[in-house]
Each structure stands twice: as C-alpha cells, then as structure tokens.
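Everything below concerns the one structure shown next.
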There are 2 protein chains.
Amino acid sequence: MGNTKGKIAEVSLALFNEYGIANVSQRMIAERAGISPGNLTYHFKRREEIVHELYRQLVEKINARLDTRLVGTVSLSVLFTITTSMIAILYEYRFFMLDFVHVMKGHPEIKAHHKTLSLTRENQFFELISQLVSNGTMRPERLPDEYKFLYMRLSILLDFWISSAAVSETDITKDTLDLYGQMILQSLFPYLTPQGETEYTSLYQPV
Amino acid sequence: MGNTKGKIAEVSLALFNEYGIANVSQRMIAERAGISPGNLTYHFKRREEIVHELYRQLVEKINARLDTRLVGTVSLSVLFTITTSMIAILYEYRFFMLDFVHVMKGHPEIKAHHKTLSLTRENQFFELISQLVSNGTMRPERLPDEYKFLYMRLSILLDFWISSAAVSETDITKDTLDLYGQMILQSLFPYLTPQGETEYTSLYQPV
DNA sequence: ATAACAATAGTACATTTGTCCTAATTATTT
DNA sequence: AAATAATTAGGACAAATGTACTATTGTTAT
C-alpha cells in the first residue's frame with residue numbers, strides 16, 4: 001500500500017500532540033494507523049526514530065519558511081512575519097515544545113542539531129538588530145548586553161509559549177496564536193525609536 | 001525510625017530533579033531512601049502523593065518568602081529581591097518546572113491550586129506596577145494592554161527559564177541563576193522613567 | 001507485661017511496554 | 001512464470017512498573 005511510513009509519522013504527530021510523547025505507545029500508533037505492531041517496527045526499528053523523523057519535518061518546514069523571508073529589505077515587518085510563521089509551525093509540531101526538555105535529554109542528535117541551529121539563529125538576530133539600529137528603527141543599547149538579554153528572552157518565549165498556553169488556556173485557537181504572537185513581538189516595542197514605533201503601530205492597525 | 005516520610009520526600013526531590021519524574025520509579029526511591037518498596041507504599045499509597053507533597057513544600061516556601069517581602073515601601077528593589085528569591089526556590093524544586101506541562105496535566109489538584117495562585121500573583125503584580133507608575137519609577141502604558149503583555153512575558157520567563165537553561169547550559173551554577181535573574185529583570189528596564197533607571201543601575205552597581 | 005497499633009520488609013501479581021521472530025502475503029524483477 | 005525482495009500480521013518475550021498482600025518487628029498505652 002501507498003505510504004505506510006508517512007502514515008505512521010502523520011498519526012504519531014497527531015497522537016503526540018494530543019497525549020504527549022510519553023503517553024503514546026507503539027501499539028496506539030499502530031492501531032490508529034490501521035497497521036500491525038510488527039509492521040510499525042518494520043518501518044521504525046526504534047521508537048526514537050519516529051520522533052527523529054518528525055523533527056526532520058519540523059526543521060525542513062522552518063527552513064523553507066525562513067529562506068523565503070530572509071532576503072530583501074530589513075524591517076520590522078520581516079521580524080513580524082518570521083515570528084508569526086514560526087508560531088504557526090511550532091504549534092503544528094507542538095509536542096516538541098511541550099516535551100522540549102525530555103526530547104533534548106533523550107535524543108542527543110536532536111540536541112546537537114538544535115544547538116547549531118540556535119547559534120545561527122542568534123547570529124541572524126544580531127545581524128537584524130544591528131541593521132534595525134543603523135536603520136533608525138531601533139535605539140542603540142543602553143545597558144551592557146542589553147540585546148543579548150533581549151534575545152535570550154525572545155528565544156525562551158518562542159520555545160515555551162506553547163507550554164504556557166497549554167497550562168493556562170483551556171483550548172488553543174487561532175486567536176490564541178495571535179495573542180501570543182503579539183505578546184512576544186511587543187517585547188521589541190520599548191526598544192524602538194519614534195520612527196520604529198510608527199512602523200510598529202502601523203503593522204497592528206493595517207489599512 | 002525518625003521521619004521516614006520526610007526522608008522519602010527528600011530523596012524523591014533529589015531523584016526527580018536529577019532524572020525527571022517519569023524516569024524515577026518507586027523502587028529507585030525506596031532503595032535510595034534505604035527502605036523497602038512496601039514501606040514506601042505504606043507512607044505514600046499512590047505515586048502522585050509524593051509529587052503532591054513536594055508541591056505543598058514548594059508553595060509553602062514561596063509563601064513564606066513572599067509574605068515577609070511584600071510589606072513596606074514599594075520600589076524596584078522589592079521586585080528584585082522577590083524575583084531573586086523565586087528563582088532560587090524554583091531551582092530547588094526544579095523538576096516541577098522541567099515537567100511543568102505534564103505535572104499540570106496529571107495532577108488536577110495541583111493545576112487548580114496553581115490557577116488561583118497565578119491569579120493572585122497577577123493582581124499583586126498590577127498593584128505593584130500601578131504604584132511604581134504613580135511613584136514615578138515606571139512610565140505609564142503607551143500601548144493597550146502593554147503591562148498585561150509584560151506580565152505574560154515575565155511569568156513565562158519565570159516558569160520556563162529553568163527548562164531553557166537545562167537545554168542550553170551544560171550545568172547550572174550560582175552564576176547561571178544570577179544571569180537568568182538579570183535577564184528576567186531587565187525586561188523592566190525599558191519601561192522605567194529616568195528616575196527608575198537610576199534606581200535600576202544602582203541596584204546592579206551596589207556601593 | 002500484654003494488648004493494640006504503627007512501621008517495615010519482602011514478595012507477588014497483573015499490566016504495560018518496546019522489541020523481536022516467524023510466517024504469510026504482496027510487489028517487483030528477471 | 002518464477003524467483004527474489006519488500007511489506008505486513010500476529011503473537012511472543014523479557015523487562016519494568018505500580019500497587020497489593022502477608023508476615024514480622026518495633027513502639028506505645030494501659
């Protein structure tokens with residue numbers, strides 16, 4: 001039959017998102033996929049391989065979205081669309097974020113890959129910031145390491161807003177994603193110049 | 001012998017912090033506590049009761065620390081000491097934060113209690129902010145819900161800085177706690193008035 | 001001192017889980 | 001068409017886990 005491996009990944013994602021990795025057994029996955037447990041081990045010899053496959057999908061999606069956005073003029077709106085895209089993608093693979101610590105602890109390859117990814121992401125961020133500063137959109141640093149700390153905060157917020165929402169919200173809708181996106185992006189507002197503020201508000205009051 | 005129940009809680013905390021709740025079996029706890037598995041079930045009939053007991057300890061410690069700090073004049077330094085205290089206590093019970101989502105999902109009583117706790121914490125925060133504003137330490141809101149979003153960010157950072165540190169740092173020392181404390185508190189800096197900024201910098205360059 | 005109770009040890013049991021194995025079936029190649 | 005490989009089903013197995021049960025030891029009260 002067509003693509004059993006893909007089907008397994010698909011239902012695994014759904015189950016992981018719903019119940020959390022630890023609460024999903026291979027038998028559950030097999031049943032939901034309509035295949036036998038033996039067939040599952042045929043396609044994924046070890047349980048971790050399923051998680052790893054989904055991680056590959058996630059990274060691929062993120063890269064695809066980032067590459068198309070990161071060329072061209074640097075402005076606040078670029079940061080906005082990047083963040084909004086990231087939020088949507090991360091939500092699609094939310095079980096990773098909900099189980100972030102355990103995944104990283106139990107999957108050294110994923111952890112290693114994520115580390116290098118974080119580094120390039122950090123460099124891209126500082127690149128962007130320095131351009132926004134010379135741009136007149138953001139003000140220069142007024143404290144030592146001020147933008148290093150800002151980056152730390154942004155990455156924590158991006159990595160864990162889903163966990164926070166999972167705890168405090170009853171269910172997560174499109175509105176929730178917008179709310180958390182706005183919450184994260186507003187971190188930037190107090191660092192903007194008057195010119196930057198104008199751009200910021202225009203992005204939230206379009207037309 | 002003396003206090004077996006306390007001993008169980010003590011070694012459970014250590015084991016949970018080291019390996020994560022899900023990776024600690026009752027047999028591990030019993031062995032480390034130097035008692036039999038049967039004796040463990042005698043003191044804690046269900047596994048969740050251990051977690052619940054530790055949660056009680058955590059809440060008690062937080063309350064004890066908050067009550068002594070929250071009286072008297074309102075200033076930035078109050079916020080600083082509160083945050084620093086919270087960071088230290090949360091780190092002591094870090095397994096909660098590292099497993100936040102799962103604990104909340106699997107322990108409805110803890111979730112319910114945490115919800116009411118969050119509400120009062122939020123109210124206290126807005127109380128404090130409004131005093132700091134009329135104080136001349138912080139500037140008024142310049143965007144709708146600006147301080148609501150600031151609170152959201154602060155609580156996410158407080159709840160998940162440990163998870164972030166666990167992923168990116170190899171080991172967490174006293175310096176790490178200071179670093180993350182500074183990172184969190186610097187969220188406030190750009191909302192300060194010139195007067196508030198003076199107070200802020202004086203708190204980081206004491207004497 | 002003896003009865004009543006609390007604490008502890010040790011083991012048993014049912015369940016669940018990841019993984020493996022073998023046989024059957026289907027698809028592909030020659 | 002025959003042979004070879006890929007895929008699937010179904011069950012087996014060992015390991016681990018939470019919890020229950022029984023017997024024994026220690027403590028306290030009368």
Side-chain angles (χ1 to χ4, degrees), chain A residues 1-56 95-96 98-99 101-110, chain B residues 1-56 95-96 98-99 101-110:
Chain A
M1 185 54 95
N3 184 10
T4 308
K5 196 160 182 173
K7 178 75 178 173
I8 294 173
E10 184 191 320
V11 305
S12 296
L13 176 61
L15 287 170
F16 288 165
N17 279 342
E18 189 171 355
Y19 300 109
I21 304 181
N23 302 316
V24 175
S25 69
Q26 314 220 146
R27 284 169 178 79
M28 272 168 115
I29 298 172
E31 191 188 12
R32 188 101 139 215
I35 62 172
S36 66
N39 195 11
L40 202 162
T41 17
Y42 174 77
H43 287 286
F44 293 96
K45 211 159 189 63
R46 328 221 115 261
R47 177 189 164 76
E48 288 105 28
E49 288 179 19
I50 303 178
V51 177
H52 204 267
E53 164 67 20
L54 290 173
Y55 178 75
R56 264 192 295 269
F95 79 94
F96 270 117
L98 294 170
D99 260 318
V101 179
H102 289 108
V103 169
M104 292 303 172
K105 203 162 187 175
H107 299 256
E109 310 158 18
I110 294 184
Chain B
M1 222 297 188
N3 184 10
T4 308
K5 197 161 182 172
K7 178 75 180 174
I8 294 172
E10 184 190 323
V11 305
S12 296
L13 176 60
L15 287 171
F16 288 165
N17 280 343
E18 189 171 356
Y19 301 109
I21 303 180
N23 303 316
V24 175
S25 68
Q26 314 221 149
R27 284 170 178 78
M28 272 168 113
I29 298 173
E31 191 189 10
R32 188 100 140 217
I35 62 173
S36 68
N39 194 11
L40 201 162
T41 18
Y42 174 77
H43 287 286
F44 294 95
K45 211 160 188 62
R46 330 221 113 260
R47 176 190 165 77
E48 288 102 30
E49 287 178 20
I50 303 178
V51 176
H52 204 268
E53 165 67 20
L54 289 173
Y55 178 74
R56 264 192 294 271
F95 79 94
F96 270 116
L98 294 171
D99 260 319
V101 179
H102 289 108
V103 169
M104 292 302 172
K105 203 162 188 176
H107 299 255
E109 309 158 18
I110 294 183

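At whole-Å resolution of the value, CG in Asn3(A) and P in dA27(C) are 15 Å apart. The distance from atom NZ of Lys45(B) to atom P of dT8(C) is 15 Å, rounded to the nearest whole Å. Computed from coordinates, the Ile35(A) CD1 to dA6(D) P distance equals 18 Å when rounded to whole Å. Atom P of nucleotide dG26(D) and atom CG of Asn39(B) are separated by 14 Å, given to the nearest angstrom. One can place NZ of Lys5(B) at 12 Å from P of dT8(C), the figure rounded to the nearest angstrom. One interatomic measurement links the two molecules: CG of Leu40(B) to C1' of dG10(C), which rounds to 14 Å at whole-angstrom precision. Separating the CD1 atom of Ile50(B) from the C1' atom of dT19(D) is a distance of 12 Å, rounded to the nearest angstrom.
Taking CG from Leu98(B) and CG from Asn17(B), the interatomic distance works out to 7.5 Å, rounded to the nearest 0.5 Å. Ile50(A) contributes atom CD1, which lies 10.0 Å from atom NZ of Lys5(A) (distance to the nearest 0.5 angstrom).
Phosphate proximity of dT7(D) to Tyr42(A): present, with a side-chain N or O under 4.0 Å from OP1 or OP2. When the side-chain nitrogen and oxygen atoms of Thr4(A) are compared with OP1 and OP2 of dT7(D), none of them lie within a distance under 4.0 Å. Checking the phosphate oxygens (OP1, OP2) of dT8(D), a side-chain nitrogen or oxygen of His43(A) falls inside 4.0 Å.
Here His102(A) pairs with Asp99(A), Asp99(B) under the side-chain contact (heavy atoms from CB on, under 4.5 Å) rule; sequence neighbours left out. For Tyr42(A), the side-chain contact (heavy atoms from CB on, under 4.5 Å) partners are Asn39(A), not counting sequence neighbours. Under the side-chain contact (heavy atoms from CB on, under 4.5 Å) criterion, Glu10(B) pairs with Lys7(B), sequence neighbours left out. Annotation: salt bridge (Lys or Arg N to Asp or Glu O under 4.0 Å) contacts of Arg46(A) (sequence neighbours excluded): none. By the ring pair (Phe, Tyr, Trp, His ring centres under 6.0 Å) test, Tyr55(A) is found to be paired with Phe96(A), His113(A), residues two or more places apart in sequence or in another chain being considered. Evaluation of the side-chain contact (heavy atoms from CB on, under 4.5 Å) rule for Gln26(B) yields Leu40(B), Thr41(B), Arg47(B) as partners, not counting sequence neighbours.
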List every contact pair, protein side and nucleotides 23-25 of chain C side both N or O, where the distance is under 3.5 Å.
none

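Sorted by first then second residue, the salt bridge (charged side-chain N to carboxylate O under 4.0 Å, His left out) pairs that include residues 23-44 of chain A, not counting sequence neighbours, are Glu18(A)-Arg32(A). Sorted by first and then second residue, the ring pair (Phe, Tyr, Trp, His ring centres under 6.0 Å) pairs involving residues 17-39 of chain A (not counting sequence neighbours) form an empty list.
Of the residues in residues 7-22 of chain A, not one comes within less than 4.0 Å of DNA chain D through any heavy atom.
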Quick tally for nucleotides 11-18 of chain C: nucleotides whose base has a protein heavy atom under 4.0 Å get B, sugar-phosphate-only ones S, the rest -, giving -B----BB
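With Phe95(A) as the fixed residue, the side chain to side chain contact (heavy atoms under 4.5 Å, CB included) test singles out one of Leu13(A), Val24(A), Leu15(A): Leu13(A).
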